[in-house]
Asks: 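Sharing a structure here in structure tokens format.
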Amino acid sequence: NPLHPIPHPPKKPFVGNLLSIGSDSPVLDMWKIAQELGGIYWLDMPGMPVIVVSSPELVDELCDEKRFDKSTRGALRRLRAASHGLFTSDTDEPTWSKPHNILLANFSQRAMQAYHPMMLDIAEQLVTKWERLNFDDEVDVTRDMTALTLDTIGLCGFGYRFNSFYREGFHPFVDAMVRTLETVQDRRGLPLEELMMKKQLSQQRKDIRFMHRMVEDIIRERRESGADIAAKPDLLSYMIAGVDKKSGEKLDDKMIRDECIEFLIAGHETTSGLLSFATYFLIKNPHVLAEARAEVDSVLGTDLSARPTYAQVNRLQYIQQVLKEALRLYPTAPAIAKRALEDTVIGGQYTIKKKNMIIMHALALHRDKRVWGEDANEFNPEHFSREAERALPPNAFKPFGNGQRACIGRQFAMQEAVLTLAMVLQRFDLVDHANYQLKVKEALTIKPEGFKIRVKPRDVRH
Ligand code: HEM
């Protein structure tokens, strides 16, 4: 055991622990091993050992930015062929610092007001679709939530309508992006991989060219139109106008293109997974649903012709708790990579070398009974009541990553998710006609698979 005293599961000759971790369920498999071996263990993976950390005490150490930083080794590095921006860059690269400095204010809580009308536009498309269904039609929740989050980022990000509610499948851009992400996840750094995946990799090159051209056209069109922030208050306008105060420089068109692609990669499946898990937990916990709906009725009222305002959305405290609780049990970006800035020791006894790859496993972290109590594995939004949240130890809840490399889109995602869930509860009864049993699908992010419900317009006559 070269990493002694860090525990590790038995390994096989040649492949090490590669087979302990399934390629279609790495996060859940790592969680299972954590339940057996504890809050730190290591896996012998091709090319390097991987240290998986999930105990609250050790995660708290990993969150010390003087000692640890984000690592881009593996999937993120491979994604750079499609886009090399905020999400896939190392912290010392200008492709991180420039867009970070320019965009931070545009993702602040205050900035959310500007996106509210666009978020509402798309949320109304979702509820309009659901209102027109027949009593015996099924809703594929994850599909419709993905349509919503994609269309929302397309519109708030760069004024483009993917119009996912007007298509059978998705826009060709989305197919190209999803294939690219799948290929990135399928690669495991094995010898001869490039040869074995020749067809897939050639498709990936085509897909990337397609995504690049489309976003480049959108940027060119915007520049030629001369529209400014007042005319188009979206992220593209902010990126075209913004100056990085540190370097005094603006973003060039390649950087802007890569940011647009990364907003979609980082933001659409994570947010749609959140909305899908939240819907799942509500349908399975009728008393929570009743409380959530009572809040919606008291804040938004039952007059469906009155459009929710930005201020109302911010008053929906219990809906926020429901969403946080869903993110606790199933953080939709369930594991992120870290690295030590220097060789160091954590937990007073585990040596971590600079070259080691560390996985911070949020899903396993969020299930610790010492932090969340005996009902740690149950859905209970009281885990995020004001008092309970204040009493949490530092860094016990990490669905959005850490420090300066934490999610820039977290307020955006929460704003959109609160608005959508509230509008759904205001208008519909949710029917679990098939008694859905949760099956989690992994593709860098996690989401419920095959989650079908029925929706019935609510009787709100008083
Ligand atoms: C980064 C989670 C929504 C854009 C991250 C990270 C996490 C995360 C865990 C850190 C990744 C790492 O350390 O490798 C989530 C979740 C979301 C969500 C759970 C929804 C529930 C969004 C949205 C956007 C977005 C809506 C864009 C509009 C980004 C970007 C980064 C990031 C650009 C990289 C930030 C940086 O490194 O400076 N997200 N995200 N995310 N997210 Fe999100």
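We're numbering straight along the sequence, starting at 1. If you're wondering where the values come from, they're calculated on a predicted model, not measured in any experiment.
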Asks: Within this structure, what is the OH-CZ distance for the pair Y115 and F412, rounded to the nearest 0.5 Å?
Replies: 7.0 Å
Asks: Please confirm whether R427 makes a cation-pi placement over W130, using NZ or CZ under 6.0 Å from the six-membered ring centre and within 45° of the ring normal.
Replies: no
Asks: Roughly how far apart are L363 CG and K398 NZ, rounded to 0.5 Å?
Replies: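 So the gap between those two atoms works out to 16.0 Å.
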Asks: Is L62 close to N395 at the side-chain level, that is, under 4.5 Å between some pair of heavy atoms?
Replies: no
Asks: Under the side chain to side chain donor-acceptor pair (under 3.5 Å) rule, what do T302 and D297 come out as? Steps first, then yes or no, please.
Replies: CA-CA 6 Å; T302 48; D297 285 352; over 6 Å; no
Asks: Kindly check if the number of other-residue, nucleotide or ligand heavy atoms within 6.0 Å of NZ (K254) is above 12?
Replies: yes
Asks: If you take all heavy atoms of D258 and A82, which pair is closest and at what distance?
Replies: OD1-O, 4.2 Å
Asks: Would you confirm whether the ring centroid of F263 sits within less than 6.0 angstrom of the ring centroid of F107?
Replies: yes
Asks: Verify side chain to side chain donor-acceptor pair (under 3.5 Å) between T271 and T149, making sure each step is shown before the conclusion.
Replies: CA-CA 6 Å; T271 315; T149 55; 5.8 Å; no
Asks: Looking at every non-hydrogen atom in both residues, tell me the closest pair between A396 and W372 and how far apart they are.
Replies: O-CZ2, 3.8 Å
Asks: Let me confirm one number: the CG-CG distance from N163 to L155, rounded to the nearest 0.5 Å.
Replies: 9.5 Å
Asks: Give me the atom names and distance for the closest heavy-atom approach of D432 to K284.
Replies: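 What the structure gives for the nearest pair is OD2-NZ, 2.6 Å.
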Asks: Are F162 and F170 an aromatic pair, judged by ring center distance below 6.0 Å?
Replies: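 Ring-ring flag for F170/F162: false, centres at least 6.0 Å apart.
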Asks: Any side-chain heavy atom of T142 within less than 4.5 Å of one from E449?
Replies: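 The answer is no, as the side chains (C-beta and beyond) never meet within the 4.5 Å cut-off.
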Asks: Distance-only, no hydrogens or angles: does the E295 side chain make a donor-acceptor pair with backbone N or O of Q317 under 3.5 Å?
Replies: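 A pair under 3.5 Å: yes.
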Asks: Counting N and O atoms only, with roles assigned by atom type, does the side chain of S225 sit under 3.5 Å from a partner on the main chain of A227, one being a donor and the other an acceptor?
Replies: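 Flag set: sc S225 to bb A227 pair under 3.5 Å.
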Asks: Taking the ring centre of each residue, are H171 and Y160 less than 6.0 Å apart?
Replies: yes
Asks: Just checking, R367 and Y330: is the charged tip under 6.0 Å from the six-membered ring centre and within 45° of the axis?
Replies: yes
Asks: Quick check: do K70 and Q404 have side-chain heavy atoms less than 4.5 Å from each other?
Replies: no
Asks: Among K324, H383, Q321, which residue satisfies the side-chain hydrogen bond (donor to acceptor under 3.5 Å, both in side chains) criterion with E389?
Replies: K324
Asks: Taking all non-hydrogen atoms of both residues into account, name the closest pair between L341 and E65 and its distance.
Replies: CD1-O, 3.7 Å
Asks: What residues, two or more places apart in sequence or in another chain, satisfy salt bridge (Lys or Arg N to Asp or Glu O under 4.0 Å) together with R78?
Replies: none
